[in-house]
> 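Take a look at the following structure, please.
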Amino acid sequence: MNRILADPALEAQPNFEFPAYAAWLNAIVAGGPTREAALEQMAESWRLERQERIVLWQQQSEEDLRVQQEQEDQERIAKEAEAAEEQREAEKKKPKINDFDAEAVVADVLIPRPSQYALQKIKSMEYVELWYFSPEGCREALDSCRSTAKDSFGLAKVDGYVVFKPMASFKASQKALQDHDLSWRQFNMAKMSFLIHIDKCGWPDKHQQALALFFTLITNHEH
C-alpha cells in the first residue's frame with residue numbers, strides 16, 4: 001500500500017463544475033441523471049473515497065506511533081545497558097577499602113611475635129623449642145628481622161611441589177635453648193605465647209587442651 005502523505009480529513013471537497021471534472025460529469029449525465037444529480041453523485045463518491053483514506057491514514061498513524069515507540073524503547077534499553085556497563089567499569093576502577101569487624105576488641109596486652117621459623121614450625125605442626133616464644137626469643141626474632149631483607153626467599157618442597165618461602169622460615173636461631181634449659185620465668189611466659197599462637201594457627205582443640213593441661217600440671221607440680 002502506498003503511503004498517504006497528508007491527513008485526508010483536512011482536504012476540502014473539490015468543485016466538480018470546474019472544467020477539470022467535465023469529462024467525468026458528462027459521462028454520468030450521459031447515463032440519464034440530471035446535471036445536479038450527477039454533481040451530487042460525484043460529491044458522494046469523493047466523500048466515500050476520502051473516508052476510506054481517512055481510515056487508512058489512522059491505521060498508518062497508529063503503525064507509525066507503534067514503530068516509533070519500539071525504537072524509543074530499544075534506544076532507552078541500549079542507553080541503560082551502556083550506562084550500567086559504564087557503572088560496572090567505574091566500580092572496578094573505584095578504590096576499594098577493606099572491611100572491618102566493628103565488634104572486634106583490641107587486646108590490652110601486646111603478644112610478642114616469635115620468629116618466622118617458629119611460626120612456620122607450628123603451622124606445619126612440628127616440634128619447636130619453647131624458647132622461640134619467650135621474650136628473649138621474640139626479641140631476637142625482631143632484631144633478626146631488622147637485619148634481614150624482607151624479600152629474601154629460598155626454595156622448599158611442600159606436598160611434592162617446589163615453592164618459594166621466606167629465608168627466615170628456614171633458619172633456626174643459634175641462641176635457642178632446649179626446653180629443659182629454660183628458666184622458670186622463661187618457661188612460664190613462653191608457654192602462654194605458645195598456646196596463643198597454636199590457637200591462631202588452627203591446631204585441633206583436642207591438642208590445644210592436652211598441651212594446656214600438660215603445662216598446668218607442670219606449673220602446679222609441688223617440685
> Applying salt bridge (charged side-chain N to carboxylate O under 4.0 Å, His left out), can you list everything that pairs with Glu136, at least two apart in sequence or on another chain?
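Testing Glu136 for salt bridge (charged side-chain N to carboxylate O under 4.0 Å, His left out), a comparison that skips the adjacent residues, returns Arg185.
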> Is it true that Arg53 and Glu49 have a side-chain N and a carboxylate O under 4.0 angstrom from each other?
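So Arg53 pairs with Glu49 through a salt bridge.
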> Donor-acceptor pair, distance only, cut-off 3.5 Å: does the side chain of Gln186 make one with the backbone of Ser183?
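Side chain of Gln186 to backbone of Ser183: a pair is present.
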> Under 4.5 Å between any side-chain heavy atoms of Leu25 and Phe16, yes or no?
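No. Closest side-chain heavy atoms not under 4.5 Å.
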> May I ask whether Phe214 and Val128 are part of the same hydrophobic cluster, defined by side-chain heavy atoms of I, L, V, M, F, W, Y residues being less than 4.5 angstrom apart, directly or through others?
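Yes, it is one cluster - the side chains of Phe214 and Val128 are joined through contacts under 4.5 Å.
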> Looking only at side chains, do Gln74 and Glu70 share a donor and an acceptor under 3.5 Å apart?
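No, because no side-chain N or O of Gln74 sits under 3.5 Å from a partner of the opposite role on Glu70.
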> What about Tyr127 and Leu195, same hydrophobic cluster or not, with Ile/Leu/Val/Met/Phe/Trp/Tyr joined at side-chain heavy-atom distances under 4.5 Å?
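Cluster IDs for Tyr127 and Leu195 differ.
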> Between the side chains of Glu72 and Gln68, is a donor N or O closer than 3.5 angstrom to an acceptor N or O?
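Judged by distance alone, the side chains do pair up.
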> Would you indicate whether the side-chain heavy atoms of Glu89 and Glu85 approach each other to under 4.5 Å?
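Yes. Closest side-chain heavy atoms under 4.5 Å.
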> Set out, in order, the CA-CA distance, both residues' side-chain angles and the distance that settles side chain to side chain contact (heavy atoms under 4.5 Å, CB included) for Leu211 and Lys206, then state yes or no.
CA-CA 9 Å; Leu211 285 170; Lys206 179 179 179 181; over 6 Å; no
> Would a 4.5 Å heavy-atom cut-off, applied to side chains only, mark Leu48 and Glu44 as touching?
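A side-chain contact exists here, since the closest heavy-atom pair is under 4.5 Å.
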> Please determine whether salt bridge (Lys or Arg N to Asp or Glu O under 4.0 Å) holds for the pair Arg66 and Glu63, giving the CA-CA distance in whole Å, both sets of side-chain angles, and the decisive distance to 0.1 Å.
CA-CA 5 Å; Arg66 185 189 65 79; Glu63 178 65 15; 2.4 Å; yes
> Around Asp101, counting heavy atoms of other residues, nucleotides and ligands shown, do more than 12 lie under 6.0 Å from its CG?
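Check passes, neighbour count above 12.
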> Could you measure the distance from the CG atom of Leu119 to the OH atom of Tyr132? Nearest 0.5 Å is fine.
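Here the rounded value is 11.5 Å.
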> Are the side chain of Asp179 and the backbone of Leu130 linked by a donor-acceptor contact shorter than 3.5 Å?
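Present.
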> Could you go step by step and tell me if Lys79 and Glu82 meet the salt bridge (Lys or Arg N to Asp or Glu O under 4.0 Å) rule?
CA-CA 5 Å; Lys79 289 181 179 179; Glu82 182 179 356; over 6 Å; no
> Do Phe133 and Ile196 come within less than 4.5 Å of each other through their side chains, counting heavy atoms only?
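In short, these two side chains do not touch, never coming nearer than 4.5 Å.
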> Can you list the residues that meet the salt bridge (charged side-chain N to carboxylate O under 4.0 Å, His left out) rule with Arg76, with sequence neighbours excluded?
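Only Asp73, Glu80 meet the salt bridge (charged side-chain N to carboxylate O under 4.0 Å, His left out) criterion with Arg76.
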> Side-chain heavy atoms nearer than 4.5 Å, only ILVMFWY residues, links allowed to pass through others: does that put Phe18 and Met42 together?
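Cluster IDs for Phe18 and Met42 match.
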> Taking the side chain as every heavy atom from C-beta outward, state whether Leu56 and Gln51 have any pair of such atoms under 4.5 Å apart.
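A side-chain contact under 4.5 Å is absent here.
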> Report the distance from atom SG of Cys201 to atom NZ of Lys121, rounding to the nearest 0.5 Å.
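These two atoms lie 13.5 Å from each other.
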> Measure the spacing between OG1 of Thr219 and CE of Met192 and express it to the nearest 0.5 Å.
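Rounded to the nearest 0.5 Å, the OG1-CE separation comes to 9.0 Å.
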> Angle class for the Trp203/His207 ring planes (parallel below 30°, perpendicular above 60°, tilted otherwise)?
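Correct class here is perpendicular.
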> Please examine the side chains of Ser115 and Glu140, heavy atoms only from C-beta on, and report whether any two atoms are closer than 4.5 Å.
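No, too far: nothing below the 4.5 Å cut-off.
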> Can you measure from CG (Leu182) to NZ (Lys191) and round to the nearest 0.5 angstrom?
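Going from the CG atom of Leu182 to the NZ atom of Lys191 covers 12.5 Å.
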> Just wondering, do His180 and Phe187 contact through their side chains at under 4.5 Å, heavy atoms?
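No; the side chains remain at least 4.5 Å from each other.
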> Please name the pair of heavy atoms, one in Pro135 and one in Met189, separated by the smallest distance, quoted to 0.1 Å.
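In terms of heavy atoms, the two residues are closest at CG-CE, 3.6 Å.
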> If I take atom CD1 from residue Ile4 and atom CD from residue Gln59, how far apart are they, to the nearest 0.5 angstrom?
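Interatomic distance, Ile4 CD1 to Gln59 CD, rounded to 0.5 Å: 9.0 Å.
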> In Å and rounded to the nearest 0.5 Å, what is the CD to CZ distance from Glu11 to Arg50?
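Spacing of CD (Glu11) from CZ (Arg50) equals 7.0 Å.
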> Determine yes or no for a side-chain-to-main-chain donor-acceptor pair under 3.5 angstrom, with Asn220 supplying the side chain and Thr216 the backbone.
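Such a contact is found between Asn220 side chain and Thr216 backbone.
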> Verify the cluster assignment for Val55 and Leu65: are they in a single hydrophobic cluster under the rule of side-chain heavy atoms below 4.5 Å apart?
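Val55 does not cluster with Leu65.
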> Could you note down all residue pairs passing side-chain hydrogen bond (donor to acceptor under 3.5 Å, both in side chains) where residues 25-40 supplies at least one of them, sequence neighbours left out?
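Checked against side-chain hydrogen bond (donor to acceptor under 3.5 Å, both in side chains) - neighbours excluded - the pairs reaching residues 25-40 are Glu40-Arg47.
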> Could you check if a side-chain atom of Pro114 sits within less than 4.5 angstrom of a side-chain atom of His197, using non-hydrogen atoms only?
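The answer is yes; the side chains approach within 4.5 Å.
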> Using every non-hydrogen atom in the two residues, find where Ala190 and Ser134 come nearest and quote the distance to one decimal.
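Distance-wise, the nearest heavy atoms are CB-N, 3.7 Å.
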> If we ignore hydrogens and angles and just use 3.5 Å, is the side chain of Ser173 paired with the main-chain N or O of Lys175 as donor and acceptor?
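Side chain of Ser173 to backbone of Lys175, a donor-acceptor pair under 3.5 Å: yes, one is there.
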> For Gln41 and Ile28, indicate whether the former's side chain and the latter's backbone hold a donor-acceptor pair under 3.5 Å.
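Answer holds: no.
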